[in-house]
There are 2 protein chains.
Amino acid sequence: MEPRAARITDVARLAGVSTATVSRALSKPETVAESTRNAVLAAAEKTGYRVNLSARNLRRQRTGAIVVLVPNLGNPFFSEILAGIEAALSEADINMLVVDTRQAHSKPQLILEYLHASRADGIIALDGSLPDEILAVAGADTGAPPIVFACEWTPNGAFASVRANNVRGGELAIAHLADLGHRRIGMITGPGTNVLTEARSRGALSALETLGLALDPAHLFPGDFSLNAGAGAARAWLGLDRRPTAVFCQSDQMAFGFISELSRHGVSVPADVSVVGFDDIAIARRFIPALTTLRQPRERIGMTAARLLMEHVRTNTTPAIETTILEVELIRRDSTRAPGG
Amino acid sequence: MEPRAARITDVARLAGVSTATVSRALSKPETVAESTRNAVLAAAEKTGYRVNLSARNLRRQRTGAIVVLVPNLGNPFFSEILAGIEAALSEADINMLVVDTRQAHSKPQLILEYLHASRADGIIALDGSLPDEILAVAGADTGAPPIVFACEWTPNGAFASVRANNVRGGELAIAHLADLGHRRIGMITGPGTNVLTEARSRGALSALETLGLALDPAHLFPGDFSLNAGAGAARAWLGLDRRPTAVFCQSDQMAFGFISELSRHGVSVPADVSVVGFDDIAIARRFIPALTTLRQPRERIGMTAARLLMEHVRTNTTPAIETTILEVELIRRDSTRAPGG
DNA sequence: AACCTTTATGTAATCGATTGCAGTGCGGGA
DNA sequence: TCCCGCACTGCAATCGATTACATAAAGGTT
């Protein structure tokens, strides 16, 4: 047996009322008489009625979903942000659609599909480097759904965003190393065009300047946040005559790659070189050595972005270009110590 | 200016045809005359028309989305599976809804909402321990959407699933350690009720038996796949008189926790004890020491599950209770060596 | 008693696209 | 010339729920 799914008319008939009353009894219970409400609820229960969302959404002109644009779903860095977003959305009974934007540059059409009110009520972008083509559509007040950036943001600053205080993170990393007595400090950066790279670098450079320390260009290792980039930087470090005694890695992943590759060449952290990471991903406290790093509240960033977006969805407004900055925290562990120890 | 979004009637008017023709020109182009088709496409382009999905879905009686039930979105283990699912779905222009099931036991109603045809055309469950209440509904042929399990599965085996050969993984882990000369082999398991725990343990135990080795109950450390569980097992290991010379950890995370905690107590891997993990997550090759582990093709598991599900969605059939098993591979790295070396 | 509120419910239009069925016009075969 | 079939296209019903508006009944006021 496979009975057709119950519709609102079935419930109405069984309860002896009109469909309008059923609809009201379920979504605005206080507007119908108690006896009627009970009859409707009983009938709904009996028939196993569940509202048809396509019909509701069509009528209400909304979708009940927001989409999250993730630069690379396979990267575990994003999972906690997603968890935060999901937690906030599920409270409000809103669905989370997840889309990987790896193809965004080759096939922007694919992503553009989502920037449309009939797909989603709003958008959270975790990817600051979406092609201009897409940003233009998202920014125009052509009825595209509201958009909020989380963690990353766009260089032109044309959208609301929720993010960590990356500049401060860069400052704290350098200040910590300098406190320990380091004077020759290197840095492994993210991708050159990335906004996080720029912010963390700016913080680090300004701290160095304040301290009267210069950054030797040979001690600046360009990376891309990945394990392999860290390993590559390690090989560059090994090739130097005058090596930095400490290195600020702009992501934990790069720190792991760096330490790991050094270890293979018999160089030990923190004995031979101190390392600071960024992110405080779960494994950081269990790496060997446990990694000193900057914690950014990824789950909270996700939740905050989701709440901000929902607010705009609810009030049907374009998000003001506001930037919410959440603080980072230096977590001291075992990968840093005084130089030459 | 915010012009109302173009509807199909707008396109029809501009192209001088009926809405029926517009609809056909867009979704079954070969059924309309070429000249008409061009006129429609031009009109669609000019008006910026995008089909309204709620309306289409209502009429077509489908949702164009499948939902993925994730036990804990914050756990990075799942991100690669999600990436695989997303890749397969996006090819077919199907959306991926992600839902965290952490609350499934306390509020099964919340998850039940999704087991309904008006929410999603199908379901992929990454969580083998959904409450019976939910499984009953999913299994009944009450019009609930088809469901496929990925990575995990249900103990009663009542659903189709795609998974790694966990039993074989357990066997390979033990065989590898025995090959190296280990005779006293311990094991850190996952949660007692988990199907993965059962399968991996079964493989390990049968391999031990084949080799004529027994598992000392004191060498069986109950865990839960987490970093902390591994650390806890390390403390138990340290407390033993006769310690195993090798330990098979049923997840990489536990292996990291185990190695890390041992390291804090001056015990070194693999010099003092060999360790095999399970999963081959990205960091495994960069841990210190690089982790010997069993690779399971997580992305491929995700893709395969998604394709299987889509097939059933397309043909509108309940998935036969078929089990697709993908092979695991032993990756030899530096955390294992001959005992007493 | 007449009139006004308030509360509860029903009627029917509406959201936007799809598709079964019916028509139209044209070309070819008998 | 007549008829049939084919290729297109249009008409209008349909998917299922929501909600503006109308109506009815009950209660309150003067």
Side-chain angles (χ1 to χ4, degrees), chain A residues 3-41 43-44 47-65 93 113 116-121 143 316, chain B residues 3-41 43-44 47-65 93 113 116-121 143 316:
Chain A
R4 264 178 98 327
R7 288 158 313 188
I8 198 170
T9 50
D10 302 322
V11 179
R13 190 176 320 117
L14 186 61
V17 298
S18 72
T19 62
T21 301
V22 174
S23 178
R24 282 189 286 250
L26 295 175
S27 51
K28 301 197 214 90
E30 71 282 2
T31 65
V32 308
E34 188 176 344
S35 58
T36 315
R37 190 192 321 146
N38 291 337
V40 169
L41 291 179
T47 54
Y49 172 72
R50 309 214 89 95
V51 61
N52 181 310
L53 289 180
S54 296
R56 164 180 287 178
N57 292 339
L58 171 58
R59 180 60 227 236
R60 287 200 178 155
Q61 300 283 70
R62 28 156 278 161
T63 70
D93 198 28
E113 280 300 315
H116 199 257
S118 94
R119 283 282 185 149
D121 299 334
N316 202 15
Chain B
R4 261 177 102 328
R7 289 157 313 187
I8 198 170
T9 50
D10 302 322
V11 179
R13 190 176 319 119
L14 187 58
V17 298
S18 73
T19 62
T21 299
V22 174
S23 178
R24 282 189 285 251
L26 295 174
S27 50
K28 301 196 214 94
E30 72 283 1
T31 65
V32 308
E34 188 177 343
S35 58
T36 315
R37 190 190 323 146
N38 291 337
V40 169
L41 292 179
T47 54
Y49 173 72
R50 309 213 91 93
V51 61
N52 181 309
L53 289 181
S54 296
R56 164 180 287 177
N57 292 339
L58 171 59
R59 179 60 227 233
R60 288 200 177 155
Q61 300 283 68
R62 28 156 278 162
T63 70
D93 199 28
E113 281 299 316
H116 199 258
S118 92
R119 282 282 186 150
D121 299 333
N316 203 14

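Any value given below was found using the heavy atoms of this structure, including those in side chains, with hydrogens, waters and symmetry copies removed. Chain letters run A, B, ... following the sequence lines, proteins first, then strands; residues in each count from 1.
- Here the shortest heavy-atom pairing between A15(B) and V40(B) reads CB-CA, 4.0 Å.
- Sequence order on DNA chain C of the closest nucleotides to R59(A) and K28(B) puts R59(A) first from the 5' end.
- Among the heavy atoms of the strands lying under 4.0 Å from A33(B) are primed sugar atoms or P, OP1, OP2 only; no base atom is included.
- Taking side-chain N and O atoms only, T36(A) has a distance below 4.0 Å to OP1 or OP2 of dT9(C).
- Atom CZ in R13(A) sits roughly 12 Å away from atom P in dA17(D) (whole-Å rounding).
- Ion pairing of R50(B) with E113(A) is present here, as a side-chain N (NZ or NE/NH1/NH2) and a carboxylate O approach within less than 4.0 Å.
- The phosphate of dA17(D) has OP1 or OP2 within less than 4.0 Å of a side-chain N or O from Y49(A).
- As judged by a 4.0 angstrom heavy-atom cut-off over every strand, V17(B) is placed among residues touching the sugar-phosphate backbone only.
- Between V17(B) and V11(B), the closest side-chain pair of non-hydrogen atoms is not below 4.5 Å.
- Counting heavy-atom neighbours within 6.0 Å of E34(A) CD, excluding the residue itself, gives a total of 12 or less.
- Between the P atom of dT18(D) and the CZ atom of R7(A) lies a distance of 15 Å, rounded to the nearest Å.
- Counting to the nearest Å, the P atom of dA8(C) and the CG atom of N38(A) are 13 Å from each other.
- In this structure, L26(B) atom CG and dA17(C) atom P are separated by 10 Å, rounded to whole Å.
- Ranking dG10(C), dC15(D), dA17(C) by closeness to the R56(B) side chain, first place goes to dA17(C).
- When heavy atoms are screened at a 4.0 angstrom cut-off, T21(B) is found touching the sugar-phosphate backbone but no base atom.
- A straight line from CZ of R60(A) to C1' of dG16(D) spans 13 Å, rounded to a whole angstrom.
- Among the atoms of the strands shown, base atoms are found under 4.0 Å from some heavy atom of T19(B).
- Note: CZ (R24(A)) to C1' (dG16(D)) measures 16 Å, nearest angstrom.
- Distance I8(B) CD1 to dG16(C) C1': 8 Å, rounded to the nearest Å.
- Across the protein-nucleic acid pair, E30(A) atom CD and dA8(C) atom P stand 10 Å apart, rounded to whole Å.
- Regarding contacts with the backbone of dT14(D), every side-chain N or O of Q61(B) stays at 4.0 angstrom or more from both OP1 and OP2.
- Across A6(A) and T47(A), no two heavy atoms sit closer than the pair CB-O, 3.6 Å.
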